[in-house]
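Data first, discussion second: the structure below is written as structure tokens.
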Amino acid sequence: MEDFQPKIEAFVCTYCTYTAADMAGSQRLQYPSTVRVVKYLCTGKVEIVHILKAFEAGADAVFVGG
Amino acid sequence: METKGNLGTGNKIGAIAVIGGGISGIQASLDAANSGFKVFLIESNTSIGGVMAQLDKTFPTNDCSTCMISPKLIEVAKHPNIEIISYADVLDISGPPGNFSVKIKKKARYVDENKCVGCGICASKCPKKVPDAFNRGLGKRKAIYVSFPQAVPLIYTIDKENCIYFKNGRCRACEKFCENNAIDFAQQDEIIEIGAGTIILAPGFETFDASIRGEYGYGRYPNVITSIEYERILSAGGPSQGHIQRPSDSQVPKRIAWIQCVGSRDASMGRGYCSYVCCMYAIKQAVISKEHDREIDTCIFYIDIRAQGKGFDRYFERARSESGVRFVRSMISRVVENPISHNLEINYIDESGEIRTEEFDMVILSVGLSPNQAFQDLARKLEVELNQFGFCESRGLELVSTSRPGFFVCGVFQSPKDIPETVLQGSSAAAEAMGFLADVRGTMVAEEVYPEERDVRGEEPRIGVFVCHCGINIAGVVDVKAVSEFAKTLSHVVFADNYLFACSTDTQEEMKKIIKEHKLNRVVVASCSPRTHEPLFQDTLREAGLNKYLFEMANIRDQNSWVHANEKENATEKAKDLVRMSVARAALLEPLHEVPFNVVQKGLVVGGGLAGLTAALTLAEQGYETYLIERSADLGGNARTLYYTEEGARPSEYLKDLVQKVKDNRFIRVYTNAEVIDCSGHVGRFTSTISVNGKKEEISYGVAIVATGGEEYKPKEYLYGENNKVLTQRELEERLASCDEGLKNIKDLVMIQCVGSRDDEHPYCSRVCCTEAVKNALKLKELNPKVNIYVLYRDIRTFGFKEFYYKKARENGVRFIRYEADKKPQVREVDGILQIVVYDPNLRSDIELKADILTLSAAIRPHSDSKSLATVFKLPCDQDGFFLEAHLKLRPLDFTNAGFFLCGLAHGPKFADESVAQAKGAASRACTILSKAQMYVGGAVAQVDGSRCVACLTCVRTCPYNVPRLDEEEGVIYIDTAACQGCGNCATACPRGAVVVAHNTDEQFLAKITALY
Amino acid sequence: MEQENIPTIKPEPEWMAQIESDRRLNISSCYQCRKCTNGCPVTFAMDIYPDQVIRLVQLGQRDRVLRCNTIWICAACETCTTRCPNDVDIAGIMDYLKERAIEAGVHVPEQKTYIFHSVFLNDVKRRGRVFEGRLMQSYMIKSGELWNKIKDGSIKEEISLGWTLFRKGRLRILPKGIKAKKEVRKILM
Amino acid sequence: MKVSYYPGCSLEGTARDYEESIQAVCKELEIELQELPDWNCCGATAAHSLNHWAAISLSGRNLVIAEKMGEDVVVPCPLCFNRLKTAEKALLGVDKGQFQYTLHGKVKVWDMANFISQDGVLDIIESKVKKPLEGLKVVCYYGCMSSRPPKITDAKDCENPVSMDRILKCLGADVIPWSYKTDCCGASHVIARPDLVFKLVGKLYQKAAEVGAECFVVSCQMCQANLDMYQDKVASKLGTEIYFPIFYFTELIGLALGNPGVKTWLSRHFVDPLRLLKGKNLI
């Protein structure tokens, strides 16, 4: 378990969290590469089925940031 | 010499030169460029953004400053009608208004602007580190640099003073590593000349040199810093990545003190004005510090808290009661340092009169604002009148007008102010600059012409994938070649390759060619971020004859190579995943068409007071027909009884003139005794029924400006209405203006401030009352020098240059006595005489006053009619009943509802000159719509499938923009494509799945998500 | 020193008008920021604070300020005047009030300070320059300190101090006078 | 270099050490001090406390004499300096008509420490230093009157004066920065309210000890006296030991320049400086 690196799927709002993720980049803040970001215009559009599909696709966790 | 623009024709030029690329210059540029004018934005620094780009969070919303400004920067950067001339100084401006010739020195960057793509390899290889001016010397940058990562233009500059090659003749590392050959050591300063019809001055400000006030030890004690330095420390992009550290030992300070008014309200140093923003930014900094670490003790030492802006007083109260920021009303005399610990000691007397000594780990000096010093000489050369401090003199009530015709001013260069006022003045100056050039609107702007779009419907997806190296930004971590090879294996991909810079001009040409050659009908670019580059690539698609919605981007830089620099292999794998996801979605993309409609190029202004009249006249001067609706029988509103200002302007006379101009203007149709009954349509095309003298009429318009005004609170306290010697400030002004003989004989007059303001029910400041009191007191002293005047106040809020008049009033013998919120003055009538007892907290004693007249500074309330108008237009109001703008900082004139704008007292308490400026600004914003003959609606918006809709109204409740409406005839929901923002909340909420958001369909999302790993 | 409670104040504006025409001290400019008090090194010995003195003067509380010890405790270090953002000459006001207090014949709470200043000026009046030995003698007698110190025995310390000074050659035996004594006397009349 | 010189009353008496060191040092630096003929007392705190007009006139008379002499006038005592500057501003200011003396503003009034710290003078001192004051940890203590208020003194750096710091650095001493350069020592309160002075100087000792200073350097005989004469008393009040020799800056110039008078001057102090100087091999 020690090496376990969870695959995290992030559903993010384009205005805030996506921008923040870009900012993290411009400051070269490092985080594990197992994080994947999917951009939504607004996380209000995140459907339950999106989250379930993410788990089905292999995600260990889903993060919704908006 | 290079010459640009339409020089020497003798006619007016449809271009505007904006000098200064801070937020005011940016706003002015965007408004003008969006209204049909060519804009030259001239900035002396290497990039635009000004001081706002250096700030961390902003009050009162705690929004990130960089996050707010960077979209504006990008908008400027990609605007076809704005030409940024950065790292350039204006040398001279000659010629008549309408046809100025601007001589500019473009300073040598030693980097070719056309070749540099901002990849930053040069800086990473440059061996020379120097103190970073953008971080106020707190961090280091290289000798070749950009100010900050989001800089616009993103072009590197060699700092010649520090460059090793320029000093020793050896190095040239940057040149060696630049893959685009952009370094040019032979570059020279260049003189260019541009033609512009009008000039907007927005050179901004700098902060006070705190070492001049030597008692605070700035420059001697490492842990005494200025507020602007602290902004950089707080900023995530700053020298300590947003971790609060003190300079001496990089430890987290546990006790921080702020000292207010350093270089402000300091007549003894020739700086007798208030800098407006320091109280609020100090409070904000304290609150943010507390958010970083609750354990940090924060203490603000102040004279008066100046929270006169919208939402400020609430913020101040929250800081005190919820965040636990300490406020001590005591001006600090000096800071002493323990040279071993570098801790700082402050002596002060607290509110109970006790002498205290307190130790702090860091002291922040809230430094005042000074006008841009480098601009002073030029301003004199240009014969633009400056005041004694070097700020630009305005013309009476017209804040954005200067002494030189054709020159306008905005931002802090006009007077110290906050961001919203700066932004609205930017719009206001644009309105003036455009008004003068209304007849040449559209003569210098370039309209892009695109080839006809290829119809791809029914075609199998043919996807092209373009993978970007971004110099070494991506390629240094990710194996881009492997990624493009991988892309080739994905279904529907018919082309994939990798490019040094996908965004460079030559690659763009290449891309167009490939799209045509390979008959691509979908394009995926794997590079930086859609936030900055999507519009650019979409434009390329359009130029290649593809619909712009057939584009998809994979973010393999900002969210991959930059954040996984230490995991090269994983980053490559992730890049492949991201490309796979994008390709999966791309295959499902559909072309979308925005539908054009003809804009009704007419404006509606609701409210015929000073703001409404100004807005209507400004629109008319720009050449747009305007309806002006006034509910009462006469135009003029509150300003009719504003007889004079502290500065000697005469609003009521100005108003008379204005009313006449409005009545005489053939473009303005005035309706009095009129109100708006309903409203339908969308931005660019509204229809309303109005009732005029009881008769109904229908009007159409493209934009609406709300200027419904405010009214004076009728006090219920302090014997008002019971004793005829108790007047409101406006009633006193009326009597002063009519030179009431009775006033000449009175001996004692007392004024009470904050009547109906800043209390539990109305926790806002009415902004104008302190100045009104000062103004009326001075007038009374003029009339009757022997009269004794006592002003009972809580905080005197004579911001900006109004502080002079406060001082003048004191010098003329007006006595200002402070009272505390929980110990309000007691007013009694004793034997026919008014007796006021007030507790002076400094003396810790009661003071007993008698008054022949008691004047109450009554609050400003929103007009009682504004509620019904809010319902008609579906516009939001704030807790106090004033209309709520789209964003307190950067969109002070807009509503979230597109096509609606606001100004005047309807927005919040303000001065007459501020109302005028705001009205012009609102008109300027409106022009960005009215200047377009056609607008487009649709695209990525929600569509309702009427056959599935059961009209349950869930979407109506869910939509944050109030767009869905029930179509009563059809019994289904109707979503106006023009008003929809495309957020998709309705689609998610709809229990029947009746709403689909184009370009954001479930299938598209699911395709992407399924391709995750 | 224990801060005094000040009873209800009824402003008397006339006095201020007189002061303002008397001398340029900018009292009216004060906006009560308390920087003067915060920087004053001797507030601990004052019965009212410097900022309160200014405020009381503004409100015409003549008797109150002429009787306070603050004006005599002021060490004339000029910190307040130097740092005042409104150019109020606080230290100058303290001097002004001392003059007015003497003129009005009110009881001076810091008698010894006042006596020291008086004997100093008398000494200057006599010779045009100060003769330190003589000055101290006059002060000790006039202030009653001589008697006090004899009573409590601390006179020994004074004598030893004087002796040390003498031994170290720092006490002159004979005073120096100037020629223009008359001119100086006239100034001090 | 020839200048006028206004010694002030104390330098004829209790501040004899200061006077002697000034005369000796100026001689070595070839600064010719010409004492103002028949100068009178500046009036000091007493005059400005009790009689504003007399205070201006007393110092005014001296300025008129100085103007007649025609050379800039150098003043060692900061209180005298301050009074002369006050008179100068008054006699040249808007109220000038109300005084019996008329001034034309032709000569400059110098505070002695500022005068000596001019670049040209420092160059001479540097060239003549025989015995650098290496290892001597000093704090410079300026007191109030040479700096404040700057509108009177024309001091450019009234919150952080550097004249003595510059001089002592030139002499090779280890000058320790501290925050209390211009704190008040209580001055003439020492006569009527010694308790005030003891409290103020007690704090100065404590703060100087905190930064590791071994002695004070002063340019004011009032500061010197208050810090030097009552050290035992203050120490016993505070219940600690205090040993801080209080040097005039001119004494230390003399020491570094190897002037033979140094021991005589220093012997006039209450706190014996020789113990410290011997420990540092400076004497």
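All values below were derived from every heavy atom in this structure, side-chain atoms included, with hydrogens, water molecules and symmetry-related copies excluded. Sequence lines set the chain letters: A, B, ... in the order given, protein chains first and strands last, and positions in each chain run from 1. No experiment lies behind these values; they were computed from the predicted model shown.
For K237(D), the NZ atom counts as loosely surrounded, since its 6.0 Å shell holds 12 or fewer non-hydrogen atoms of other residues, nucleotides or ligands. Atom NZ of K199(D) is surrounded by 12 or fewer heavy atoms from other residues, nucleotides or ligands within 6.0 Å. For K254(B), the NZ atom is densely surrounded, since the number of other residues' heavy atoms within 6.0 Å is greater than 12. Within 6.0 Å of CG in D232(D) there are 12 or fewer heavy atoms belonging to other residues, nucleotides or ligands.
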Applying side-chain contact (heavy atoms from CB on, under 4.5 Å) to K151(D) and S268(B), what does each step give before you reach the verdict?
CA-CA 10 Å; K151(D) 279 178 181 151; S268(B) 72; 3.9 Å; yes
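The distance from the NZ atom of K207(D) to the CD atom of E345(B) is 4.5 Å, given to the nearest 0.5 Å. Atom CD in E215(B) sits 10.0 Å away from atom OG1 in T182(D) (nearest 0.5 Å). Rounded to the nearest 0.5 Å, atoms OG (S333(B)) and CD (E159(D)) are 7.5 Å apart.
Contact annotation for Y216(B): neither backbone nor side-chain heavy atoms come within less than 4.5 Å of a heavy atom of chain D. The contact between R334(B) and chain D is made entirely by side chain atoms (from C-beta outward), counting heavy-atom distances below 4.5 Å.
Scanning residues 296-305 of chain B against chain D with a 4.5 Å heavy-atom cutoff picks out nothing at all. Along residues 356-371 of chain B, no residue comes nearer than 4.5 angstrom to chain D, judged on non-hydrogen atoms.
Here the closest non-hydrogen pair linking K203(D) and N347(B) is NZ-ND2, 4.5 Å.
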